[in-house]
Amino acid sequence: MLAKIEELLEQAKLAIDSATSVEVLYEAKVKFLGKQGSFSHLLKEMGKLTPDDRKTIGKRANEVRDILEGKYAVRENLLKDQELNSQLEAQKIDVTLPGVAPERGVLHPLWRVTKEMCEIFSRLGFSVRTGPHIEKDFYNFDALNIPPDHASRDLQDTFYINDGVDRKPGDFSPWLLRTHTSPVQIRSMLTEKPPLRIVSPGGVYRSDSDMSHAPHFHQVEGLLIDQDVSMADLKGTLGFFAREFFGSEVEVRLRPSYFPFVEPGAELDASCPFCKSKGCGMCKGSGWIELGGCGMVHPLVFKQVEMEYPKWNGFAFGMGVDRMAVVKYGVSHIGLLTENDLRFLGQFRP
Ligand code: DAH
């Protein structure tokens with residue numbers, strides 16, 4: 001019996017020492033010291049012993065139980081500490097580690113240029129108006145004196161929006177993606193009272209696209225309506241703009257041209273800020289860079305919006321923002337502006 005007790009002691013010691021988790025340790029405790037455990041079974045057999053043996057063996061049995069309970073408590077504490085430590089280790093936060101800073105965004109160069117253009121005109125008293133990108137043909141064409149057979153109304157040039165109506169071949173839906181920002185002139189003249197000084201930035205759409213034409217690009221439109229406005233006011237305004245935008249040495253010139261909604265109409269050029277008009281790749285050797293179109297608002301436009309002419313007259317202009325950005329920042333290829341390559345866009349930090 002005594003030998004069995006010693007054997008159990010050795011087995012239990014081994015089980016306690018080799019337990020690697022609190023659960024396994026507890027299982028060992030149940031197995032050896034629990035009510036149904038080996039040790040209890042052994043004690044039950046004590047009844048069969050002589051009183052003398054019972055005394056010595058009982059004494060040893062109590063010692064052994066005390067030894068095992070003591071060992072169990074020590075091992076349990078150790079394992080609990082270890083488990084707590086490894087949990088803490090897993091959650092450990094190094095407060096000295098620098099945080100992951102979110103990447104700082106920058107304004108897209110097109111939006112930056114748009115803002116700067118509007119801001120320059122605002123110093124001359126112009127305020128910003130916007131118009132819808134899905135336009136009606138009246139605002140985009142008719143009211144601007146663009147006749148029904150004008151080439152720009154062609155399917156090759158204009159994206160028409162299918163309104164579900166069956167039409168004869170050659171007839172278009174009245175809904176389209178605006179091909180320029182000029183319809184905002186009409187919207188303002190119809191809803192506001194002169195005098196007017198407005199600029200209108202935004203996206204425009206044309207269905208032609210090649211190396212130098214994108215189907216979606218951006219313009220800034222300008223309109224000034226007042227009394228006794230002259231072509232000199234137009235040139236002075238655009239000259240101020242070009243000098244503010246490109247630099248004080250830049251000059252503008254107006255080349256006679258035709259747009260149905262202005263008379264006289266002109267093409268607006270700025271002297272090349274890159275080569276100081278000597279001729280370079282940016283100005284294709286000409287010394288001048290085309291910025292857009294302009295002119296004196298056509299009497300037929302006043303008629304369309306029922307504004308009294310010549311009591312009121314005025315000028316209008318429209319410039320390409322994408323082109324402006326290319327020239328301002330020396331961008332080698334216009335497509336870079338819309339490719340969304342962060343290596344390119346990230347260079348436009350203020
Ligand atoms: N809307 C014209 C275009 O997209 C540009 C333009 C020319 C606008 C003359 C004007 C203007 O306001 O007077 O080609």
Side-chain angles (χ1 to χ4, degrees), residues 114 117-118 121 124 126 128-133 135 137-147 150-154 156-159 176-190 196-209 212-226 229-239 241-242 252-270 289-302 304-305 307 309 313-324 334:
T114 303
M117 291 172 75
C118 292
F121 283 111
L124 296 176
F126 287 75
V128 173
R129 300 287 182 278
T130 52
H133 292 212
E135 254 304 2
D137 56 3
F138 171 75
Y139 297 96
N140 196 81
F141 293 131
D142 301 279
L144 287 162
N145 194 34
I146 300 173
H150 194 274
S152 67
R153 295 205 186 202
D154 220 64
Q156 267 99 48
D157 284 305
T158 303
F159 289 111
L176 46 87
L177 293 181
R178 65 180 185 185
T179 58
H180 50 178
T181 42
S182 304
V184 185
Q185 291 185 31
I186 303 300
R187 289 181 173 273
S188 288
M189 287 172 90
L190 280 171
L196 283 177
R197 284 182 199 193
I198 61 137
V199 278
S200 184
V204 302
Y205 308 83
R206 295 198 193 161
S207 79
D208 60 343
S209 109
S212 49
H213 296 91
H216 176 215
F217 55 102
H218 304 81
Q219 293 184 332
V220 168
E221 190 79 15
L223 174 72
L224 181 143
I225 305 287
D226 213 315
V229 182
S230 76
M231 204 82 181
D233 299 319
L234 171 62
K235 195 174 178 194
T237 302
L238 295 174
F241 165 77
V252 291
R253 77 175 181 191
L254 300 181
R255 268 181 301 120
S257 184
Y258 174 73
F259 300 96
F261 39 95
V262 281
E263 179 59 35
E267 211 88 50
L268 167 69
D269 297 340
I289 288 182
E290 274 182 36
L291 300 184
C294 60
M296 303 304 292
V297 178
H298 201 289
L300 284 171
V301 172
F302 281 98
Q304 286 282 358
V305 299
M307 197 178 271
Y309 177 87
N313 78 331
F315 63 71
F317 55 86
M319 288 186 259
V321 174
D322 308 63
R323 178 123 188 86
M324 235 31 124
I334 204 158

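The chain is numbered in sequence order, starting from 1. In each ligand, atom 1 is the first atom listed, and ligand 1 is the first ligand listed.
- Considering only non-hydrogen protein atoms, atom 12 (O) of ligand 1 sits nearest to Glu221 OE2, 2.6 Å.
- Residues Ser182 and Leu144 come closest through the heavy atom pair CB-CD1, 3.6 Å.
- Atom 8 (C) of ligand 1 has its nearest heavy-atom neighbour, among Pro260, Gly320, Gly318, in Gly318.
- Residue Phe317 places at least one N or O, backbone or side chain, under 3.5 Å from an N or O of ligand 1.
- Scanning the protein for heavy atoms near atom 14 (O) of ligand 1, the closest one is Arg206 NH2, 3.7 Å.
- For the pair Gly293 and ligand 1, the shortest N or O to N or O distance does not fall below 3.5 Å.
- His150 and Phe141 have their aromatic ring centers separated by at least 6.0 angstrom.
- Counting only heavy atoms of the protein, atom 11 (C) of ligand 1 lies nearest to Phe261 CE1, 3.4 Å.
- For Asp137, there are no salt bridge (charged side-chain N to carboxylate O under 4.0 Å, His left out) partners two or more places apart in sequence or in a different chain.
- One side chain, Thr179 or Asn140, offers a donor N or O that lies under 3.5 Å from an acceptor on the other.
- With a 4.0 Å heavy-atom cut-off, ligand 1 is reached by the backbone of Ala316 and by its side chain too.
- Both tests pass for Arg187 against the ring of Tyr139: distance under 6.0 Å to the centre and angle within 45° of the axis.
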